[in-house]
Amino acid sequence: MANQSSSSYPILCASFNQDTSCFAIGTKDGFKIFDSNTGRLCYERAIGAFVIVEMLFSSSLLAIVGAGEEPSLSPRRLCLFNTTTGTALRELNFLTSILAVRMNKKRLVVILQDKTYVYDINSLGILDTIDTIPNLKGLCAFSPSLEGCFLALPASISKGSVLLYNVMDLHLHCEIDAHRAPLAAMALSSNGTYIATASEQGTIIRVHLVSEATKSYSFRRGTYPSTIFSLSFGPSMQLPDILVGTSSSGSVHAFSLGFSMYQRSKRSGSFLGSIIPGSVTDALDPAHHDVLHNAAPAGVKSYAVIRKVDKVADTSTSEIVACRATISIITYNGYFQEYNLSINNQNEFSWSLEREFKLLTVISDDAISS
């Protein structure tokens with residue numbers, strides 16, 4: 001999620017690790033790491049305000065950037081922090097503020113307003129420098145898979161074009177003209193096969209096949225403009241079953257992708273043909289879209305991820321009859337929510353709230369035992 005800190009919210013930044021097993025938040029006082037499955041507070045440091053806290057899977061390595069409220073926490077300094085020792089491993093300093101950081105097991109990506117730096121994460125040797133258009137919000141998307149490791153960046157300030165860069169091979173892969181208006185949000189599937197985008201209008205969500213650059217689905221989120229805060233695909237090696245997005249209206253939007261295509265393929269007899277539509281204007285029926293209203297107060301930033309997707313089969317025929325997803329939501333006013341979303345083969349959506357708690361009042365096990 002792009003760094004969009006605001007002093008009006010207790011949470012300045014939020015991010016899940018690459019397999020969504022943990023998540024981190026930055027606050028005015030420090031940062032905290034939680035276990036996604038249990039909600040347990042695993043680690044915290046109260047050393048000042050942070051606007052970027054990124055994890056490398058479940059390792060002890062964090063990439064953290066201060067909010068600049070004190071000299072030692074400059075927004076131009078990236079600290080690679082070891083949670084085991086509680087010390088800084090390395091620091092990288094830049095001429096302008098760091099707006100986003102992304103990592104996998106081989107690469108470290110640092111995004112500034114008009115430059116993006118790609119590093120070897122082990123040696124911290126710089127591998128490439130990408131000159132970009134002014135990217136004031138640090139908007140980007142990153143697929144952590146080593147096989148399909150792509151970085152997506154805005155390619156225009158006047159329209160919704162996306163530049164896709166192969167981070168492992170260090171070359172430009174393609175540019176996609178996704179929207180007429182400038183981009184507001186984007187997400188890559190975990191293996192880098194698909195990219196979802198939303199413009200500043202926020203009325204249309206588009207999904208492109210990265211390898212082809214022109215094949216897509218289009219979803220109408222709504223009629224009235226809204227700011228899309230986040231987009232997230234469900235985990236999948238193929239077409240993800242579900243895509244979710246959060247918006248400034250306080251709603252969470254769910255779009256049925258792979259599961260709906262599976263249902264449609266049974267009727268059409270052509271699974272491949274249903275997965276790759278013929279043009280950028282091909283749109284799925286509105287029945288493939290559902291809205292969870294009032295997940296957050298209107299205007300409050302929120303961030304949702306799909307942590308798990310299960311297919312449900314008919315016991316007598318082994319036919320897939322439903323899809324169930326676990327969706328976790330962090331709201332910047334300080335809450336964590338987890339919903340179960342079920343979609344049956346009639347495209348009926350059903351939401352149920354499983355967990356909700358305040359992030360800033362959770363006490364770590366160490367504090368309880370001391």
Side-chain angles (χ1 to χ4, degrees), residues 1-6 12-16 18 26 51-54 63 65 75 78 94 96-104 107-118 129-144 149-167 172-190 192 194-208 210 213 216 221 225-233 243-248 253 301-305 330 332:
M1 186 176 186
N3 172 32
Q4 297 176 336
S5 63
S6 171
L12 303 181
C13 65
S15 65
F16 283 79
Q18 292 82 353
V51 291
I52 294 176
V53 184
E54 293 286 335
V65 177
L78 170 64
F94 299 89
T96 60
S97 293
I98 301 163
L99 302 179
V101 177
R102 296 293 183 266
M103 295 185 288
N104 67 9
R107 297 288 186 260
L108 169 69
V109 178
V110 181
I111 294 168
L112 311 183
Q113 179 176 313
D114 55 7
K115 287 185 184 296
T116 294
Y117 295 95
V118 180
T129 302
I130 307 168
D131 292 318
T132 65
I133 57 104
N135 185 9
L136 303 182
K137 295 180 179 179
L139 182 62
C140 65
F142 185 70
S143 54
C149 185
F150 291 101
L151 173 69
L153 296 166
S156 171
I157 59 173
S158 60
K159 62 180 181 177
S161 297
V162 186
L163 181 149
L164 279 153
Y165 178 86
N166 188 311
V167 180
L172 175 65
H173 174 71
C174 67
E175 186 173 318
I176 297 174
D177 291 328
H179 302 269
R180 294 178 181 176
L183 295 168
M186 52 187 171
L188 281 156
S189 60
S190 59
Y194 293 90
I195 184 168
T197 57
S199 75
E200 291 178 351
Q201 290 293 313
T203 53
I204 299 291
I205 310 295
R206 290 207 166 97
V207 177
H208 284 73
V210 171
S216 79
R221 179 210 55 81
S226 182
T227 300
I228 304 300
F229 290 137
S230 71
L231 293 169
S232 174
F233 284 104
L243 171 72
V244 296
T246 61
S247 71
S248 57
H253 298 261
K301 294 181 178 68
S302 56
Y303 176 33
V305 299
I330 299 171
Y332 276 42

Atom pair [atom1]/[atom2] of [X] and [Y] - distance to nearest 0.5 Å:
X: Ser15; Y: Arg102; atom1: OG; atom2: CZ; answer: 7.5 Å
X: Asp131; Y: Lys115; atom1: CG; atom2: NZ; answer: 3.5 Å
X: Leu172; Y: Tyr165; atom1: CG; atom2: OH; answer: 9.0 Å
X: Ile176; Y: Ser161; atom1: CD1; atom2: OG; answer: 9.5 Å
X: Glu200; Y: Ile228; atom1: CD; atom2: CD1; answer: 12.0 Å
X: Leu163; Y: Asn135; atom1: CG; atom2: CG; answer: 11.0 Å

If I compare all heavy atoms of [X] with all of [Y], which pair ends up nearest, and what's the gap?
X: Lys301; Y: Phe229; result: CA-CE1, 3.6 Å
X: Arg206; Y: Ala178; result: NH1-O, 2.8 Å
X: Leu99; Y: Leu112; result: CD1-C, 3.9 Å
X: Met103; Y: Ala63; result: CE-CB, 3.9 Å
X: Ser143; Y: Phe150; result: OG-N, 2.8 Å
X: Leu136; Y: Gln113; result: CD2-CD, 3.3 Å

Checking [X] side chain against [Y] main chain: does a donor-acceptor pair fall under 3.5 Å?
X: His253; Y: Ile205; answer: no
X: Ser232; Y: Val244; answer: no
X: Ser199; Y: Ile204; answer: no
X: Arg107; Y: Val167; answer: yes
X: Ser189; Y: Tyr194; answer: yes
X: Glu54; Y: Ala100; answer: no
X: Ser226; Y: Gly202; answer: no
X: Ser302; Y: Thr246; answer: no

**OP:** Show the numbers, then the answer: is there a side chain to side chain contact (heavy atoms under 4.5 Å, CB included) between Cys140 and Leu151?
**Re:** CA-CA 7 Å; Cys140 65; Leu151 173 69; 4.3 Å; yes
Original post:
How about Tyr117 and Phe94: are their ring centroids closer than 6.0 Å?
Top reply: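 Ring-ring flag for Tyr117/Phe94: true, centres closer than 6.0 Å.
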Subject >> Worked verdict on Leu108 versus Leu78 for side chain to side chain contact (heavy atoms under 4.5 Å, CB included) >> reply: CA-CA 11 Å; Leu108 169 69; Leu78 170 64; 4.1 Å; yes
Original post:
Do the side-chain N and O atoms of Thr197 and His208 include a donor-acceptor pair separated by under 3.5 angstrom?
Top reply: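 On atom types as modelled, these side chains do not qualify, holding no pair under 3.5 Å.
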**OP:** Decide yes or no on side chain to side chain contact (heavy atoms under 4.5 Å, CB included) for Ile111 and Leu153, but give the supporting numbers first.
**Re:** CA-CA 9 Å; Ile111 294 168; Leu153 296 166; 3.9 Å; yes
Original post:
Can Leu188 and Leu164 be said to form a side chain to side chain contact (heavy atoms under 4.5 Å, CB included), step by step?
Top reply: CA-CA 10 Å; Leu188 281 156; Leu164 279 153; 4.1 Å; yes
